[in-house]
Amino acid sequence: MARLLIRALEMAGHEVEQASRLRSYDGGGDNLRQRKLRTLGGRMAERLIRRYQRRPPEKRPQAWFTYHLYHKAPDWLGPAVSRAFDIPYVAAEASYAPKQENGPWAEGFDAAARAIALADLVFCPNSNDLECVLPLIGDPERLVPLTPFIEVSRFAASAREGAARRKRLSSRLGLEEDVPWLLCVAMMRPGDKLASYRILGAALAKLADRPWRLLVCGYGKASDDVAAALAPVGDRVCWFGEMEADDLAAIFAACDLYVWPAVNEAYGMAFLEAQAAGLPVVAGRSGGVPDVVCEGETGLLVPVNDAEAFAAAVRELIGDDQRRRHCHVFDGPGADGEKLPVGNQQ
């Protein structure tokens, strides 16, 4: 999403410069690490200010843009630089969780809250964040809903060759071409990703009476745990590991249905990629997922953490070819004017 935002700004005529490679993320709630990051961030902000001051005025920043600002990854640089040069401070995907106020990320929580409160604009791709962010910034005009988006051309081009790509993949891997192919694309990490894989395995185990194949694209340090999570569906799984973007687009186009339980998902870029390639989606109704999957139009949403409901939704779509084909219609124009299925994107 960050790369797409940069590209969008450049397409609008702006010059985008990466200010720093500081990684402020603290995943463990380590107070000492947070304090060290605060100190390091302050020093780096001072260095940035001095660097920019040496530039002629026309070469200095005109705005600061921060992506994905929250208690685990506060912005230690932007507010100071913005104040020093009296330039707008802008954030995208800022989130604020009051329950973290006195938790292990208290240092990052306070910093994130102060930065959000200072922001001239906050772009909000996850509608779930609106309620908590708005009281911080006060003025609703400074809070701009921004539906997540992708560049659809790669996926749309693959979708136009979907039948041929499916035939080649079937021949290469020995997959039955005449049964539904389900697809999931996700990192294999402990936590929410692994939880989603476990729900997926439990749900698909309930569909053993139906013919289907599951194609899995992903990698990570929890790969053994993911294999165990999907063990109940046995040899119906085809593993692809890490994929290049063009190869991944071809896999999307060859499949019939995208499936992902989406435990604590912010919104899920892969849902947009699936729909752009012509796949309907079955997903957990989590976070901002309803912002990118149109219930009943581009997919089916079920209660998160509910393997039974997930299985029922998958069963409904793999058992009804006409419904499945209908469940990815989108009115946005694509190349040569054809319709492109990209969820809620406008």
Side-chain angles (χ1 to χ4, degrees), residues 169 173 175-176 179-243 248 251-275 277-290 292-293 295 298-320 323-324 327-328 343:
L169 202 58
L173 299 175
L175 298 175
E176 307 94 321
V179 305
W181 291 6
L182 318 181
L183 174 66
C184 77
V185 178
M187 294 288 291
M188 297 178 180
R189 294 195 299 255
D192 295 332
K193 296 296 186 189
L194 180 55
S196 291
Y197 275 112
R198 285 173 172 157
I199 294 168
L200 182 62
L204 295 183
K206 301 177 185 297
L207 304 176
D209 60 314
R210 301 302 304 269
W212 49 266
R213 282 284 197 151
L214 174 66
L215 283 64
V216 179
C217 301
Y219 68 99
K221 61 184 179 181
S223 57
D224 289 344
D225 292 323
V226 170
L230 297 181
V233 301
D235 60 2
R236 296 198 192 201
V237 182
C238 186
W239 303 92
F240 286 87
E242 185 177 7
M243 304 285 295
L248 188 56
I251 299 244
F252 272 113
C255 291
D256 298 292
L257 180 65
Y258 189 82
V259 292
W260 185 241
V263 174
N264 289 329
E265 197 81 52
Y267 39 82
M269 300 296 286
F271 292 133
L272 295 177
E273 294 168 348
Q275 293 167 99
L279 271 69
V281 167
V282 174
R285 190 183 286 104
S286 175
V289 173
V292 299
V293 179
E295 169 69 23
T298 66
L300 300 179
L301 299 177
V302 303
V304 75
N305 291 313
D306 190 334
E308 192 77 41
F310 198 91
V314 173
R315 181 182 292 276
E316 179 179 345
L317 289 184
I318 63 174
D320 189 336
R323 174 83 187 279
R324 194 169 63 245
C327 204
H328 62 72

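Every value quoted in this text rests on a predicted model; they were computed, and no experiment measured them.
- Within the 4.5 Å cutoff, the side chain of Leu230 has heavy atoms near those of the Trp239 side chain.
- Across Ser196 and Val263, no two heavy atoms sit closer than the pair OG-N, 2.9 Å.
- Within the structure, salt bridge (Lys or Arg N to Asp or Glu O under 4.0 Å) contacts touching residues 197-219 (residues at least two apart or in different chains) are Glu176-Arg213, Lys206-Glu308, Asp209-Arg315.
- Annotation for Pro232 and Gly201: closest pair CB-O, 4.3 Å, computed over non-hydrogen atoms.
- Taking Glu316 as the reference, Arg323 meet the side chain to side chain donor-acceptor pair (under 3.5 Å) condition, with sequence neighbours excluded.
- Screening Leu215, Leu204, Asp256 against Leu182 for a side-chain contact (heavy atoms from CB on, under 4.5 Å) leaves a single residue, Leu204.
- In this structure, Leu169 and Trp181 have side chains that are in contact, with non-hydrogen atoms separated by less than 4.5 Å.
- Atom CZ of Phe240 is surrounded by more than 12 heavy atoms from other residues, nucleotides or ligands within 6.0 Å.
- Aromatic ring centres of Tyr197 and Trp260: separated by under 6.0 Å.
- Minimum interatomic distance between Pro190 and Lys221 (heavy atoms only, all atoms of both residues): CD-CE, 3.8 Å.
- Side-chain contact between Met188 and Val216 is present, with at least one heavy-atom pair separated by less than 4.5 Å.
- Contact record, Ala203 with Ala307: CB-O, 3.4 Å, taken as the closest heavy-atom pair.
- At a threshold of 4.5 Å between non-hydrogen side-chain atoms, the residues Thr298 and Tyr258 do not count as touching.
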Point to revise | Residue pair Glu295, Leu300: steps toward the side chain to side chain contact (heavy atoms under 4.5 Å, CB included) verdict | key: CA-CA 5 Å; Glu295 169 69 23; Leu300 300 179; 4.2 Å; yes
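- Using a 4.5 Å heavy-atom threshold, the side chains of Phe252 and Val185 count as touching.
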List, one per line, each side-chain donor-acceptor pair under 3.5 Å for residues 280-289, sequence neighbours excluded.
unit_1 : atom_1 : unit_2 : atom_2 : d
Arg285 : NH2    : Leu301 : O      : 3.1
Ser286 : OG     : Ala262 : O      : 3.1
Ser286 : OG     : Asn264 : N      : 3.2
Ser286 : OG     : Glu265 : N      : 3.3

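- Between Met187 atom CE and Ser223 atom OG the span is 10.5 Å, to the nearest 0.5 Å.
- Summarising the geometry of Leu200 relative to Cys184, their closest heavy-atom pair is CD2-SG, 3.9 Å, with the distance given to 0.1 Å.
- Nearest heavy-atom pair across Val292 and Tyr267 is CG2-O, 3.5 Å.
- Rounded to the nearest 0.5 angstrom, Asp235 CG and Leu214 CG are separated by 12.0 Å.
- At a threshold of 4.5 Å between non-hydrogen side-chain atoms, the residues Pro180 and Leu257 do not count as touching.
- The backbone N or O of Val314 sits nowhere less than 3.5 Å from a side-chain atom of Trp212 that would complete a donor-acceptor pair.
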